[in-house]
Amino acid sequence: MARLWPEESRRGRGRQAGRQSISAMAPQEEPKEAAAAALSQAARSPFPRRLFTWEEIRLRTRPEDPDREMWLVLERRVYDVRNFRERHPGGARILLSHVGQEATDAFAAFHGNKTLVNKFLNPLLVGELAPDQSTFEPSKNESLIMDFRELCTTVEKMGLMKPNSFFFLALLFHILILDVASWLTLIYFGTSLLPFMASLGLLTIAQVQAAWLQHDLGHLSVFEKTKWNHLLHQFVMCHLIGASAKWWTLLHSQHHAKPNCFSKDPDTDVHPFLFTLGKSLSVELGMKKIKYMPYNYQHRYFFITMPPLLFPAFFHFHTFYVVYKKKLWLDLAWQLSCFIRLFLVQGYILGPKSFLLYYFLFRIMESSWFVWVSQMSHIPMDIDYDKNLDWVSTQLQATCNVHQSHFNDWFTGHLNFQIEHHLFPRMPRHNFWKAAPLVKSLCHKYGIEYKCKPLLTAFADILHTLKDSGELWLDAYLHK
């Protein structure tokens, strides 16, 4: 793509853009006022600017075009991410999922330090929306967007984005206590069946609670300084759990950007090879006469596939594959330290054969706990292609909550507040309950359903949804 300005002009443009915070946390101007301001600013600028219409952006970023532009829009500015996507810390896929779209709220949700991020954004700037163009695409609810940004400002003023580090350090301490108790049980009570099962239970609890804590660290919600989140994330995810912190970040960021959007959310990659998900996707699959599995029985074989096997059969291999492919040697060193520790402690106490059984069983139990909790708020919700909706509508269609209680908070790692977590991914989990009434009020104003259900109902809904989508597939497969 040809340069739009001389190099000196581009740098001047970059300095000017750097002085203007790209923040979605504050309400924006009305469309007419924004257009007038943009026109006035363009007239004052000593350098020519490339102006775009939404139609031109749409035509030049069409997914079916192999030579398409990699443009996305942030606060009316158009950025080309083609040469930056592979260097993006959150991975290329998260950028590609927003190509051709207005992505300011998604950008704000993931990036706390706007000054730092602007240094990377400025060289990517190629132009801006023409003054007569609306700030958002027609598929997005502008009034809802503006009210959500006011809500973000309120949340900031209430201090709900500030973490209580002692809360998270207490979580880490209780995880370490459980981990140590798992092998002390074997030392002091022997390796017969009862202490074996007790040790297994303690280690499983420690591992799942560590998974919830690494989730907090990966979202940078434990410490105010990013580097401390990254350092402790590597310790918890790599050393305590045995997986790659970077691998998790790449997958989970994509999930949050476009939850339940087929081909953009990696959590939907099981469709259609293992399950058929979503009403329209299931009908489409049936009409195409595609049958990788007997999907009409998927609510039954779910029990023996995803819950017990996701960790031991998939995550183990995929995390090492990503580490090797991306040369994440520090993560690899930390991961190996986890397996060495387990083998030297539990392996030494139990012996090789019993240790292999022990290891496989706690991975199955850990995986089952994780899958039921993580999927109870997503599988029962709408799963479809990306409809390019506003941030709030995208998240609310894909998430639901589970009733609050001390047990549910602990058991789910506060993922019973999945709605608030998806709207504010950097918010510390101990503040979700404070943000919930504000989110409910916003949903009520715009007639958006705010789903909240009991824990066991949420689990049962996974099976009901799989059964329904399997039947939709079968009907389309046989009759359409």
Side-chain angles (χ1 to χ4, degrees), residues 163-164 166-182 185 197-219 221-222 236-237 240-241 243 248 252 255-256 259 267 302-303 306-312 315 361-381 398-422 424-425 427-436 450-465:
N164 180 349
F166 291 105
F167 170 86
F168 292 106
L169 289 175
L171 287 176
L172 177 60
F173 181 73
H174 109 283
I175 290 166
L176 295 176
I177 290 294
L178 289 168
D179 188 278
V180 172
S182 70
T185 299
M197 296 304 296
S199 174
L200 200 62
L202 290 168
L203 184 58
T204 299
I205 296 171
Q207 287 285 305
V208 173
Q209 292 301 318
W212 305 148
L213 179 57
Q214 73 80 26
H215 175 263
D216 300 314
L217 291 160
H219 279 294
S221 61
V222 176
V236 175
M237 186 59 163
L240 293 184
I241 299 177
W248 178 90
H252 200 65
H255 161 69
H256 268 269
D267 286 7
F302 175 80
F303 288 98
M306 271 190 67
L309 299 179
L310 184 66
F311 279 20
F315 277 4
L361 286 175
F362 98 73
R363 287 300 187 195
I364 288 177
M365 293 165 63
E366 171 194 22
S367 179
S368 298
W369 187 340
F370 172 84
V371 168
W372 284 100
V373 169
S374 64
Q375 296 309 308
M376 68 182 182
S377 300
H378 292 302
I379 284 183
M381 304 302 291
T399 57
C400 65
N401 280 6
V402 165
H403 292 167
Q404 183 187 20
S405 70
H406 291 304
F407 174 78
N408 286 353
D409 292 350
W410 174 84
F411 184 78
T412 68
H414 285 88
L415 292 182
N416 50 327
F417 287 97
Q418 197 69 260
I419 292 174
E420 286 70 27
H421 172 56
H422 267 257
F424 309 100
M427 179 181 287
R429 62 156 116 159
H430 52 74
N431 287 332
F432 288 157
W433 68 275
K434 298 178 183 178
Y450 183 101
K451 286 189 176 181
C452 189
K453 59 185 75 171
L455 181 64
L456 295 181
T457 300
F459 290 161
D461 283 349
I462 295 176
L463 303 177
H464 294 155
T465 302

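- Using cut-offs of 30° and 60° on the angle between ring planes, the pair His252 and His219 is perpendicular.
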Evaluate side chain to side chain contact (heavy atoms under 4.5 Å, CB included) for Thr412 paired with Val402, printing each intermediate quantity in order. CA-CA 9 Å; Thr412 68; Val402 165; 5.8 Å; no
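- Side chain of Ser221 to backbone of Asp216: a donor-acceptor contact under 3.5 angstrom is found.
- Between the CD1 atom in Ile364 and the CZ atom in Phe311 there is a gap of 12.5 Å [rounded to 0.5 Å].
- Note: His256 and His421 have perpendicular aromatic rings, judged against thresholds of 30 and 60 degrees for the angle between ring planes.
- In this structure, Asn164 and Phe168 have side chains that are not in contact, with every pair of non-hydrogen atoms separated by 4.5 Å or more.
- Scanning for side chain to side chain contact (heavy atoms under 4.5 Å, CB included) contacts around Phe407 gives Ser405, Trp410, Phe411, Leu455, with sequence neighbours left out.
- By the side-chain hydrogen bond (donor to acceptor under 3.5 Å, both in side chains) test, Glu420 pairs with Asn401, Tyr450, sequence neighbours left out.
- Going from atom CZ of Arg429 over to atom NE2 of His215 covers 9.0 Å, rounded to the nearest 0.5 Å.
- Atom-to-atom distance recorded for Asp267:CG and Ile379:CD1 is 9.0 Å, nearest 0.5 angstrom.
- Closest of all the heavy-atom pairs between Glu366 and Thr204 is N-CG2, 3.8 Å.
- Between Asn416 and Gln404, the shortest heavy-atom contact is ND2-CA, 3.8 Å.
- Heavy-atom minimum distance, His403 versus Asn408: O-ND2, 2.8 Å.
- Nearest heavy atoms, Ser367 versus Met306: OG-O, 3.8 Å.
- Here the straight-line distance linking atom CE of Met376 with atom OG1 of Thr465 works out to 13.5 Å at 0.5 Å rounding.
- Across Phe302 and Val371, no two heavy atoms sit closer than the pair CZ-CG1, 4.1 Å.
- When all heavy atoms are compared, the tightest approach of Gln207 to Phe362 is CG-CE1, 3.6 Å.
- The salt bridge (charged side-chain N to carboxylate O under 4.0 Å, His left out) test applied to Asp461 returns Lys453, not counting sequence neighbours.
- Side-chain contact between Gln209 and Trp369 is present, with at least one heavy-atom pair separated by less than 4.5 Å.
- Side-chain contact between Thr185 and Leu202 is present, with heavy atoms from C-beta onward closer than 4.5 Å.
- Counting only heavy atoms from C-beta outward, the side chains of Leu171 and Trp212 never approach each other to under 4.5 Å.
- The closest side-chain heavy-atom distance from Leu240 to Leu176 is below 4.5 Å.
- Rounded to the nearest 0.5 angstrom, Thr457 OG1 and Ile462 CD1 are separated by 11.5 Å.
- Separation of atoms CG (Asp179) and CD1 (Ile175) is listed at 9.5 Å; rounding is to 0.5 Å.
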Let's go through Ile241 and Gln214 carefully: what are the C-alpha distance in whole Å and the side-chain angles of both, what is the deciding distance for side chain to side chain contact (heavy atoms under 4.5 Å, CB included) to 0.1 Å, and is it a yes or a no? CA-CA 9 Å; Ile241 299 177; Gln214 73 80 26; 4.0 Å; yes
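- Looking only at side-chain heavy atoms (C-beta outward), Phe303 and Leu463 come within less than 4.5 Å of each other.
- Taking the six-membered ring where the residue is Trp, His378 and His422 present perpendicular rings, their angle passing 60° and hence far from 30°.
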